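Here is the structure we will look at, set down as structure tokens.
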There are 2 protein chains.
Amino acid sequence: ESADKFELGKQKAKVCMTCHGENGISTLDPYPNLRGQKYGYLVSALKDYKARDRTSGLAILMQQQAENLSDQDMEDIAYYYSNLGKDSNK
Amino acid sequence: ESADKFELGKQKAKVCMTCHGENGISTLDPYPNLRGQKYGYLVSALKDYKARDRTSGLAILMQQQAENLSDQDMEDIAYYYSNLGKDSNK
């Protein structure tokens, strides 16, 4: 059950992996690592991007990403990253 | 030499530890873990808070923290967190 939730989040996070890395360790210095990040923080950050409460340089790029995410998408993606690297989840 | 830089950043990050935790793993779900986070991302996030480019709920709290940080402070704190947990740094 939580494994399915993790898998679902992983599918939805495919698009994030380009910048945030295959395993949640980002590919470039300006992009944050997301591996094992706090669930609540991830959801609020995504919401801030969608609401355009983050507006500096790279934030614009993230606004475009967050724009087409539903609340459920955000929760699933946050669930995936917050559990990435924890015990059984590779 | 890098050990001194790490120590200097650690001193400056004392105030951050209340929310972001003694070892960079935050104490509460809405606050991000900073342990081993990307240096460039940490510096840009702090600059965004200082420039008020991040404005949602908790961002206000971070704006107050970032307000009295110089660029050098931000770099030292980012150096500390980005190296926290790496090889010799506890």
Side-chain angles (χ1 to χ4, degrees), chain A residues 9 16-67 69 71 74-87 89, chain B residues 9 16-67 69 71 74-87 89:
Chain A
C16 316
M17 294 179 186
T18 325
C19 299
H20 293 292
E22 291 291 321
N23 55 5
I25 302 297
S26 73
T27 52
L28 282 171
D29 198 39
Y31 307 145
N33 300 326
L34 300 180
R35 185 183 180 87
Q37 183 55 277
K38 283 289 193 292
Y39 174 84
Y41 174 72
L42 287 170
V43 171
S44 67
L46 283 169
K47 286 191 170 156
D48 289 353
Y49 284 118
K50 188 168 185 178
R52 298 177 183 246
D53 281 339
R54 292 188 173 191
T55 55
S56 73
L58 283 177
I60 315 293
L61 177 71
M62 268 308 292
Q63 284 175 8
Q64 292 150 358
Q65 297 300 326
E67 212 159 49
L69 293 179
D71 285 355
M74 292 182 185
E75 285 158 25
D76 294 341
I77 289 170
Y79 181 86
Y80 165 68
Y81 276 115
S82 59
N83 285 289
L84 189 56
K86 287 207 174 119
D87 48 64
N89 307 312
Chain B
C16 315
M17 294 180 185
T18 324
C19 301
H20 294 291
E22 291 291 322
N23 56 5
I25 302 298
S26 73
T27 52
L28 282 171
D29 199 39
Y31 307 145
N33 301 326
L34 300 180
R35 187 184 179 85
Q37 183 54 278
K38 282 288 193 289
Y39 174 85
Y41 174 72
L42 288 170
V43 171
S44 67
L46 284 169
K47 286 192 169 152
D48 288 353
Y49 284 119
K50 187 168 184 179
R52 300 178 181 243
D53 281 338
R54 293 188 172 192
T55 54
S56 73
L58 283 177
I60 315 293
L61 177 70
M62 267 309 292
Q63 284 176 9
Q64 290 151 359
Q65 296 300 326
E67 212 159 51
L69 293 179
D71 285 355
M74 292 182 183
E75 285 158 24
D76 293 342
I77 291 171
Y79 182 86
Y80 165 68
Y81 276 115
S82 59
N83 285 287
L84 189 56
K86 286 207 176 115
D87 46 65
N89 308 312

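Values below: all heavy atoms of this structure, side chains included; hydrogens, waters and symmetry mates excluded. Given the structure is predicted, the values throughout are model-derived calculations rather than measurements. Reminder, nothing fancy here: chain letters follow the sequence lines and each chain counts from 1.
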Would you mind checking which part of [X] comes under 4.5 Å of any heavy atom in chain B, side chain (CB onward), backbone (N, CA, C, O), both or neither?
X	result
Tyr31(A)	backbone
Pro32(A)	both
Leu42(A)	neither

Leu34(B) portion near chain A, given a 4.5 angstrom heavy-atom threshold | neither
Considering all heavy atoms, the nearest [X]-[Y] contact:
X	Y	value
Gly40(A)	Asp29(B)	N-OD2, 2.9 Å
Gly36(A)	Asn33(B)	O-ND2, 3.0 Å
Lys38(B)	Ile25(A)	NZ-CG2, 3.7 Å

Can you establish whether the number of heavy atoms outside Glu22(B) located under 6.0 Å from its atom CD is more than 12?
-> no
